[in-house]
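Written below as structure tokens is the structure these notes are about.
Keep in mind that the numbers below use all heavy atoms, side chains included, and drop hydrogens, waters and symmetry copies. Treat the numbers as computed from the prediction; the structure is a model and nothing was measured.
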Amino acid sequence: MPREDTNTMRALQGLDSGDSSVRLQVAMAAGMTPDRGFIDRLVERCAIEPEFFVRDMLTWALTRHSPAMTVPRLIDELHSERARGRSQALHTLSKIGDRRAWPAITRALLTDADDEVARAAWRAAVVLVPENEESELAGVLATQLGRGERETQSSLSRALIALGEVIMPTLRAAMTDPDPRVRQHAIATERLWRDPDAGFEFAIEEAKRLVALGTTGQEE
């Protein structure tokens, strides 16, 4: 085995430690001394790392490497059978912010059956979307209105709001959807767009009241 490969394996062997603090230190060291030989191993570990704070450090370590080397590897990981692999790759791409990754943020990822993957895709999409494609993205995101529990719905609302005023026609259309959960979510998102300080819980409860009354509140 070439000496370079041996040194890389030795440097990263602590990522398999049963002690999360050891894994954290190894990930930190990999970010402080970037080496292209680290990239595959860091991405692989992201897909199986159980601790959030270690995954966050792994992401940080990857952002310290050249995007020319990390972005293609992360795009490959978007096809992983492991949901955590897909979600963490999306999260890391959003942190890197290289818009060359945009074509890889597919509709399939934006509508992934796994909530964590979908949420990561929404966050990545609003960071990477090219100028003048926000309306099209808003249309895809709107197909997910009413999905999941509060945390998932709040994430989607934040993603939509981050796109700006282009979301309004899409939200207004969704306010008349036959599904009351979709209507509620659309109304709540519109409320938050107008008043970001309202908080999602307040906005969704107000939206439920309006749907029960058979109104969207647009006339208020």
Side-chain angles (χ1 to χ4, degrees), residues 56 59 63 67 71 74-75 78 86-211 215-220:
D56 214 36
T59 283
T63 66
V71 169
L74 290 165
I75 288 174
L78 298 181
R86 300 195 302 278
S87 64
Q88 199 65 23
L90 286 161
H91 174 65
T92 307
L93 287 170
S94 73
K95 293 297 184 182
I96 293 171
D98 189 324
R99 288 189 169 177
R100 288 175 294 182
W102 167 247
I105 312 301
T106 61
R107 188 185 188 100
L109 288 168
L110 293 168
T111 60
D112 196 284
D114 186 281
D115 284 347
E116 287 302 315
V117 175
R119 291 172 62 196
W122 303 336
R123 290 191 297 267
V126 299
V127 170
L128 301 173
V129 62
E131 190 175 354
N132 300 322
E133 291 190 34
E134 294 92 345
S135 293
E136 184 178 352
L137 174 58
V140 177
L141 295 182
T143 66
Q144 303 302 291
L145 286 166
R147 170 179 175 165
E149 302 302 324
R150 293 292 174 90
E151 190 175 11
T152 298
Q153 292 190 4
S154 178
S155 291
L156 181 60
S157 291
R158 288 195 299 271
L160 283 163
I161 290 166
L163 294 175
E165 195 167 359
V166 298
I167 67 171
M168 296 313 294
T170 301
L171 285 182
R172 292 192 181 106
M175 288 178 191
T176 61
D177 192 274
D179 187 335
R181 283 176 58 87
V182 173
R183 297 201 301 275
Q184 290 166 13
H185 197 179
I187 293 168
T189 303
E190 191 270 345
R191 287 287 188 275
L192 284 173
W193 182 81
R194 287 196 293 159
D195 182 11
D197 295 328
F200 186 77
E201 286 296 325
F202 174 83
I204 198 70
E205 291 302 324
E206 177 66 5
K208 284 183 177 181
R209 183 183 69 84
L210 291 170
V211 169
T215 178
T216 64
Q218 290 291 297
E219 68 277 5
E220 294 178 4

- Query: Going by an N to O cut-off under 4.0 Å, is there a salt bridge joining E190 and R194?
  - Reply: yes
- Note on the structure: dist I75:CD1 -> I105:CD1 (nearest 0.5 Å) comes out at 7.5 Å
- Report the distance from atom CG of L210 to atom CZ of R191, rounding to the nearest 0.5 Å. 5.5 Å
- Message: Looking at every non-hydrogen atom in both residues, tell me the closest pair between A138 and T170 and how far apart they are.
- Response: O-CG2, 3.8 Å
- List the atom of S135, the atom of V166, and the distance in Å for their closest heavy-atom pair. OG-CB, 3.6 Å
- Check step by step if salt bridge (charged side-chain N to carboxylate O under 4.0 Å, His left out) holds for E165 and R172. CA-CA 12 Å; E165 195 167 359; R172 292 192 181 106; over 6 Å; no
- Message: Test side-chain contact (heavy atoms from CB on, under 4.5 Å) on T106 and L78; report intermediate values, then the result.
- Response: CA-CA 10 Å; T106 61; L78 298 181; over 6 Å; no
- Note on the structure: So CD1 of I96 and CG of L74: to nearest 0.5 Å the spacing works out to 5.0 Å
- Message: To the closest 0.5 Å, what do you measure between CG (L163) and CG (L160)?
- Response: 6.0 Å
- Item | For A120 against L90, the heavy-atom pair lying closest together | CB-CB, 3.8 Å
- Task: Taking only Lys NZ, Arg NE, NH1 and NH2, and the carboxylate oxygens of Asp or Glu, determine whether D179 and R181 approach each other closer than 4.0 Å.
- Result: no
- After noting the C-alpha distance and the side-chain angles of L93 and V71, does the key distance pass the side-chain contact (heavy atoms from CB on, under 4.5 Å) rule? CA-CA 7 Å; L93 287 170; V71 169; 4.2 Å; yes
- Message: Could you tell me if the side chain of D115 sits less than 4.5 Å from the side chain of E149, heavy atoms only?
- Response: no
- Item | Shortest non-hydrogen contact from V211 toward Q184 | CG2-CG, 3.6 Å
- CD (E136) with more than 12 external heavy atoms under 6.0 Å: no
- Message: Assess the residue pair W122 and Q144 against the criterion (side-chain hydrogen bond (donor to acceptor under 3.5 Å, both in side chains)); give the C-alpha distance rounded to whole Å, side-chain angles, the decisive distance to 0.1 Å, and a yes or no.
- Response: CA-CA 10 Å; W122 303 336; Q144 303 302 291; 5.3 Å; no
- Query: Just by modelled atom types, is the A174 backbone N or O under 3.5 Å from a matching donor or acceptor in the R183 side chain?
  - Reply: no
- Message: Quick check for you: to the nearest 0.5 Å, what is the distance between R86 atom CZ and E116 atom CD?
- Response: 11.5 Å
- Item | Minimum heavy-atom distance between F200 and A188, given as atom pair plus value | CE1-CB, 4.5 Å
- Message: Can you confirm whether more than 12 heavy atoms, excluding those of E151, are under 6.0 Å from its CD atom?
- Response: no
- Note on the structure: Closest non-hydrogen contact found for A159 with L141 is CB-CD1, 4.3 Å
- Calculate, to the nearest 0.5 Å, the distance between atoms OG and CZ belonging to S157 and R150 respectively. 11.0 Å
- Applying side-chain contact (heavy atoms from CB on, under 4.5 Å), run through D56 and H91 and close with a yes or a no. CA-CA 9 Å; D56 214 36; H91 174 65; 3.7 Å; yes
- Check: H185 side chain, Q153 main-chain N or O, donor-acceptor pair, under 3.5 Å: yes
- Intermediate values then yes/no, side-chain contact (heavy atoms from CB on, under 4.5 Å), R107 and T143: CA-CA 10 Å; R107 188 185 188 100; T143 66; 3.7 Å; yes
